[in-house]
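Data first, discussion second: the structure below is written as structure tokens.
Protein chains get the first letters and strands the later ones, always in sequence-line order, with residue 1 at the start of each.
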Number of protein chains: 2
Amino acid sequence: MRLSKKGAAKPDPKEGADRTKDVLGGTEIRIAYKMGYVLNFYREPSFRKIEMELGITRPEIVTLIFLNFREGVTASEICEFSGHLKANISRGIIALEKKKLLRRDVDKNDNRRQRLYLTPAGRALYAKYIPALRERERAMLSCLSASERKLFEGLLDKLAEHVPHWTALDEL
Amino acid sequence: MRLSKKGAAKPDPKEGADRTKDVLGGTEIRIAYKMGYVLNFYREPSFRKIEMELGITRPEIVTLIFLNFREGVTASEICEFSGHLKANISRGIIALEKKKLLRRDVDKNDNRRQRLYLTPAGRALYAKYIPALRERERAMLSCLSASERKLFEGLLDKLAEHVPHWTALDEL
DNA sequence: ATGAGAAAGTCACATATGAGACTATCTAAA
DNA sequence: TTTAGATAGTCTCATATGTGACTTTCTCAT
């Protein structure tokens, strides 16, 4: 591993790529590690920025994302597909309701469940941060051709559908 | 989205796959989201288990993984490739040293840097948890053929090498 | 050489998170 | 029915984490 550092915040891309390849090859869990590496750089800075600027926590961000494409979802479903613990999602939902960003109704068929719905304010807040996430995903993927992207997403779909086979739900 | 729940902790795989596909397709950042979904199920339960059973934190786990394949690495390099904040890695290193799992020497060429080295105890601890991570990665990938796995890793390599082009180091 | 600015690492404080107990409700089997 | 066990969601407490300030050391342009 070369130890000379780049001059600016933006590293010299050429050297960066070399070092990256050098370092990433070494662990015993290469694929999981590389996924984590790429995803961390996508997600962490974006989410921290949203947290700071909009004053919401990660479970709240995730809850808004879920609600935006599927209203009436319940807390436990958000847990199931987001990987967040139910205590945190619960706190997030309570906070979002307090800020009037969502509304909850008890499910008529099951009094334990609460169906969640975005308010206009919630939808507006979501609209405030999603463009940056979309743009950053585009940048992340810009090194792949259209067909490579399709291929990559296809493999991810396969992996995602396989998740229930090797993991137990109660692990969350 | 179907709302009927599975009977046991292990969901019915068939239904699970359907719901997964159903839910994952909906966000506006599909690929990033799917990566997160798969990775969360790989990483979170594993890491929490290690944290609990071995009494170490996530930055400590990551530091041991790095040191195991490359001794003499510095804290800031671990940050750069792990995505953890330097304050947390710093705390992790201090804790690991206190437990005599690593040793640090000031770099002769740069007195600000500390080169890190595993102790035998540190190596032994690493050896305790890495097999489970390896096995879980194997399970995660078992739905892909050998050639699909190669393909997937190749695409990940491309994405990883591209990271320095769209992200700024100081974002961590 | 020297002074401005960057980098490595540490610290203190506030906040977010994980673990696990708890209530209320539902389900299914005797 | 009744009851044991599962599920949805909330709460409390301890701990881990993010932020930003700080010290020390290095780099590089003047």
Charged N to carboxylate O below 4.0 Å: is that the case for R58(A) and E44(A)?
yes

Under 4.0 Å, heavy atoms only, any strand: does R91(B) hit a base, just the sugar-phosphate, or nothing?
base

Nucleotide dG18(C), atom P - distance to CG of L85(A) in whole Å:
5 Å

If you find the nucleotide of DNA chain C closest to A87(A) and the one closest to K108(A), which residue's nucleotide is nearer the 5' end?
A87(A)

Would you indicate what I89(A) reaches in the nucleic acid, counting non-hydrogen atoms under 4.0 angstrom: base, sugar-phosphate, or nothing?
nothing

Have a look at Q114(B) and say if it touches a base, only the backbone sugar-phosphate, or nothing, with a 4.0 Å heavy-atom cut-off.
sugar-phosphate

How far apart are the C-alpha atoms of E60(A) and K99(A), what are their side-chain angles, what is the distance that settles it, and do they pass the salt bridge (Lys or Arg N to Asp or Glu O under 4.0 Å) test?
CA-CA 11 Å; E60(A) 295 174 64; K99(A) 296 180 224 167; 2.6 Å; yes

R113(B) CZ - dA6(C) P separation (whole Å):
17 Å

Output the rounded distance in Å from CD1 (I61(A)) to P (dG18(D)).
13 Å

Please determine whether a side-chain nitrogen or oxygen atom of S76(B) lies at a distance below 4.0 Å from atom OP1 or OP2 of dA8(C).
yes

Rounded to the nearest Å, what distance is computed from the CG atom of residue N111(A) to the P atom of nucleotide dG9(D)?
12 Å

Reckon S90(B) touches a base, only the sugar-phosphate, or nothing at all at heavy-atom distances under 4.0 Å?
base

Just how far, in rounded Å, is P of dA8(D) from CG of D105(A)?
18 Å

Test salt bridge (Lys or Arg N to Asp or Glu O under 4.0 Å) applied to E71(B) and R123(B), step by step:
CA-CA 11 Å; E71(B) 303 247 345; R123(B) 211 176 299 279; 2.7 Å; yes

Establish whether the base of dT7(D) is bridged to the side chain of R112(A) by a donor-acceptor pair shorter than 3.5 Å.
yes

Can you work out whether D110(A) or N88(A) has the more 5'-proximal nearest nucleotide on DNA chain C?
N88(A)

With the side chain of R58(A) defined as its heavy atoms from C-beta on, choose the nearest nucleotide among dT17(C), dG9(C), dA8(D).
dT17(C)

Just how far, in rounded Å, is P of dC22(C) from NZ of K86(A)?
14 Å

Return whichever of A75(A) or K49(A) has its heavy-atom-nearest nucleotide of DNA chain D closer to the 5' end.
A75(A)

Would you call R138(A) and E135(A) a salt bridge, taking side-chain N to carboxylate O under 4.0 Å as the test?
yes

Heavy atoms from C-beta onward define the side chain here; which of dC11(C), dG9(D), dT19(D) lies closest to that of I94(B)?
dC11(C)

When rounded to whole Å, the CZ to P distance for the pair R43(B) and dG18(C) reads 12 Å

R104(A) vs dT10(D): side-chain N/O to OP1/OP2 distance below 4.0 Å:
yes

CD1 of I93(A) versus C1' of dG9(D): gap in Å, rounded?
9 Å

Contact between M35(B) and F152(A) at the side-chain level, heavy atoms closer than 4.5 Å - yes or no?
yes

